[in-house]
Amino acid sequence: MTLPILARMVEFYRRNPLSLRLVAAILAVSTLFATLAVGVQLYTDYRRDITSLGLRLSDAERTFVPGLVDSLWLMDEQRIRLGLDSIVTLPYVSYATLRTAEGRLYTSGRATNRGHESSHLYVLRHQDDKQQQWVLGELTLLVDKEEIFASLWQKLWVVLASQAAKTMGVTLVILLLLHFSLSRHLAALADVAERLNLNRLTQLVRLDRRRGHRPDELDRLADAMNGMQQRLQREVAELERVHALNRRLSAAVAASPAAMIIMNEQGSAEYVNPALCRLLELPEARCLELDWPTLLENRLSQGMLSSRPSGWLLDKVRQESWQGELLWRTESGRPRWLLAHLSLCRATPDEAGHVLLVMEDITGLKEFEHQLSYQRRYDHLTNLPNRVMAMERLEQMLLQSVQEGGHLAVMVIAVPAYKEVTESLGIAYGDALLQECTQSLNAALGEACFRARTGDDEFLCALRFGQSAEPVEACLQQIKKALSRSVRLDNLPVTPGVAVGVAVYPNDGNQPERLYSRALSAQQRARSQKEPVQFFEPEMQAASYRSLHIATALKHAVEAGELRLFYQPIVDPRTGDYEGVEALVRWQNAELGWVSPLDFIDIAENTGEIVAIGQYILREACRQARQWQLQGRNIRVSVNVSPVQFGEPDFVASVANCLKETGLDADCLKLEITERLLFASSEAAQQKCRQLADMGIRLAMDDFGTGYSSLSYLRDLPFDIVKIDQSFVRHMTRNSRDKALVRGIIDLAHQLGMSVVAEGVEDHVQLELLTRFGCDLMQGYYFSKPVPPEQLFSKEESSSCSD
């Protein structure tokens, strides 16, 4: 009967190896813990017996040792032997010996020599009446522990037997539980997994057990297998979708407008799409036959690549993608610039992969780049080379002059009328003027003279010549003649004018930038002195440095308190009283000294510092006028307004703030506006003029007659005063035309209900003539030069704020 049971157990373990391993593990762990428990229990019992033995020996020492001491002191042998026999009767004591101090030996009992004996020695002492200690002998007891160890072995076998029985029983129970609760379900799951395939993904795993409220590991495993089947279903669906997508992608590549070629890793074409055939104007079969890597290497736009070994392109693509441009001529002969992009595509790192070539037609982009390059080097308005190309060409011409031992003249030409036309009529008219000047220069100068536009109103001409300067002189004459002819802009005759600065290699420099800079310095001198031509002289460089110094120092002039206002009286010639004063700015710098307004006003307008300076002048003039009012002198103050300052969006608001901060009445402030300012942005300028007039501020048209006058502004805008420019006043006693113009301006202003102020009155003849013409007010050195405010009323002690 035992053999069939063992056979069934072997068969069970063969079919359930996991159960066998679990039983072995349980037995091993149980045995380990049982052994530890037995060891702890036996050790505890052993320590308890040893402790009991020690207590008994202590009791024997207290009971029998005093009697033996007394017997030895009395030398009573019978009591000594009786005492030893009594000690031997104690548990575990098998043998006792007593050796006296005289060497006599008494024994009792018998030694067993079984290996579990231990000896205990006691020294016998006696204390006499005099408290003196006497050693009488030594007592040795032999203790036998055999019974203790025998008891321990008996307990060991009993505990081991009971633990083994308990362990086997628990193991069998656990094995049965594992079989019914785990192993059979795992076997069922294994059977399902073995039968799993893509055609049976809908069959769910169901275990023959009741599912609890909280799923256990088997439930989770079954759910995981069901989830795996569902994921496989989704992945199969995704694979089908990917296959469908690949088919659509193949169709898209075939229909794509981008030219594509798919090659194997060796460079042989395996597929070309129709766009490539259309781009290259070749049939598909011909495109598949071409050796594309070699073809690309031969047709690349970079000529330096021809020195590379054959096959370098594929070697490079195997490491990283590559991109390059090539020029292709189609079967019809049309050139096409193509941008080729080569990349190696691999589905997996171990796959050989394939090479993808995508080509894009960039012919239009190349043409656009060429156009941009042209625009970068040429001026779009005049089609002349710009400053970038001018410097390159100057360097070439300079190199030729050095090699041939010749000279090079660099001429910087300014058109003085450009700024005035732009400010008066607008940028479009300024551009039209420059185009007219360009045509005139092109017609007047030959091919030998290089021409470029290097600034807003600036042209550059360069001419190589030998030892004779006659070609340069002839060129300058042609330039003056070409720019001295009038052109019509908006039915107005305008003479461009000319200011030419000339620098010559090798006298004035041997570098393009230096020659250009010195020619520019000479041109600025020609412009300031109103001369048509000026050759470079060394002191001009110092003037340029001074202008730069002025521009730098001017940025801090207001903050440093270096600006002061001087005032020039505006006089009523009939009474000699001061009708008002004009505020004029003066600048004293610690390094530059007193700087004339003629030197720094233009620089301030070009750098934009005129806005801050204008704000300072306006605020200081209003403050001074208000101070005079508090002193009992009601007098108007006139302030010149720069076109740059007037063009600020918040100009009207800034004037209102100045009046509010200083407390000055608007009627005592007069703003002088040049007529050319109105043409720069006529609508906005006119709107600002009306806003200022609505505030009660008086407006004066300054320098009347020097610009492109339009009588409609006198008619439509709220001007109160017209100021005749001093250039007319200065020459009217000698020039009948200026005299007639002055009289006509006065009559015209009076007809329009305006007052007239004549500037620059310097002698009595001018005074009498202006008085006879009916001029209302005058100012000039004849009455007073500009003076500080504290000197203004040294001769005139009364004035009135009258009309």
Side-chain angles (χ1 to χ4, degrees), residues 422-427 558 565 570 579-585 601 604-605 608-626 629 634-704 706-723 748-749 752-757 777 801-803:
T422 301
E423 293 177 351
S424 301
L425 302 178
I427 296 177
V558 176
L565 292 189
I570 300 175
E579 188 275 343
V581 293
E582 181 178 0
L584 301 170
V585 67
I601 291 297
E605 289 188 343
E609 295 297 328
I610 193 64
V611 176
I613 295 174
Q615 285 285 355
Y616 164 79
I617 296 172
L618 182 62
R619 185 175 291 103
E620 179 63 20
C622 291
R623 185 199 62 78
Q624 183 63 62
R626 178 57 180 165
Q629 284 183 352
N634 293 325
I635 190 168
R636 289 192 180 95
V637 62
S638 298
V639 177
N640 290 283
V641 179
S642 165
V644 178
Q645 181 186 5
F646 191 83
E648 288 292 304
D650 60 345
F651 173 71
V652 176
S654 66
V655 175
N657 289 336
C658 284
L659 293 174
K660 182 177 179 181
E661 291 174 4
T662 58
L664 182 68
D665 294 335
D667 184 60
C668 289
L669 175 62
K670 185 193 304 178
L671 297 180
E672 299 186 1
I673 301 173
T674 59
E675 57 177 318
R676 63 188 178 92
L677 179 149
L678 301 174
F679 290 88
S681 55
S682 57
E683 289 297 330
Q686 294 174 38
Q687 181 65 24
K688 289 180 181 179
C689 288
R690 294 189 181 95
Q691 292 175 353
L692 294 170
D694 292 341
M695 293 167 54
I697 298 171
R698 292 178 171 251
L699 300 180
M701 180 175 283
D702 196 16
D703 300 336
F704 184 79
T706 59
Y708 298 97
S709 304
S710 176
L711 298 181
S712 63
Y713 290 107
L714 291 179
R715 179 194 64 193
D716 299 334
L717 295 180
F719 284 102
D720 303 289
I721 301 167
V722 172
K723 297 191 74 172
L748 175 64
L752 295 174
M754 301 179 186
S755 301
V756 180
V757 178
L777 301 170
C801 190
S802 62
D803 293 336

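Fair warning: this is a prediction, and the values are worked out from it, not measured in the lab.
Atom CG in N640 sits 8.0 Å away from atom CD1 in I617 (nearest 0.5 Å). Taking CG of L692 as the start and CZ of R698 as the end, the distance is 14.0 Å to the nearest 0.5 Å. Taking CZ of R636 as the start and CD1 of I721 as the end, the distance is 7.0 Å to the nearest 0.5 Å.
The shortest heavy-atom contact between T662 and C622 is OG1-CB, 3.5 Å. Considering all non-hydrogen atoms of both residues, D665 and L659 come closest at O-CD2, 4.4 Å. Closest non-hydrogen pair, Q629 versus N634, comes out as CG-OD1, 3.6 Å. The two residues F646 and C689 come nearest to each other via the heavy atoms CZ-SG, 4.0 Å. Contact between M754 and V722 at its shortest, heavy atoms only, is SD-CG2, 3.7 Å. The shortest heavy-atom contact between I697 and V655 is CD1-CG1, 3.4 Å.
Exactly one of R690, Q687, M695 qualifies for a side chain to side chain contact (heavy atoms under 4.5 Å, CB included) with V652. That residue is M695. The one candidate from D702, L699, L717 that meets the side chain to side chain contact (heavy atoms under 4.5 Å, CB included) condition with I673 is L699.
Remark: K688 fails to qualify as a cation-pi partner of F651 under the 6.0 Å distance and 45° angle criteria applied to the six-membered ring.
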Audit row: Q615, C658, side-chain contact (heavy atoms from CB on, under 4.5 Å) steps and yes/no: CA-CA 9 Å; Q615 285 285 355; C658 284; 4.2 Å; yes
Worked check of side-chain contact (heavy atoms from CB on, under 4.5 Å) between L671 and L618: CA-CA 9 Å; L671 297 180; L618 182 62; 4.2 Å; yes
Full working for side-chain contact (heavy atoms from CB on, under 4.5 Å) between V611 and E648: CA-CA 8 Å; V611 176; E648 288 292 304; 4.0 Å; yes
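Side chains of V756 and L777 form no contact here, defined as non-hydrogen atoms less than 4.5 Å apart.
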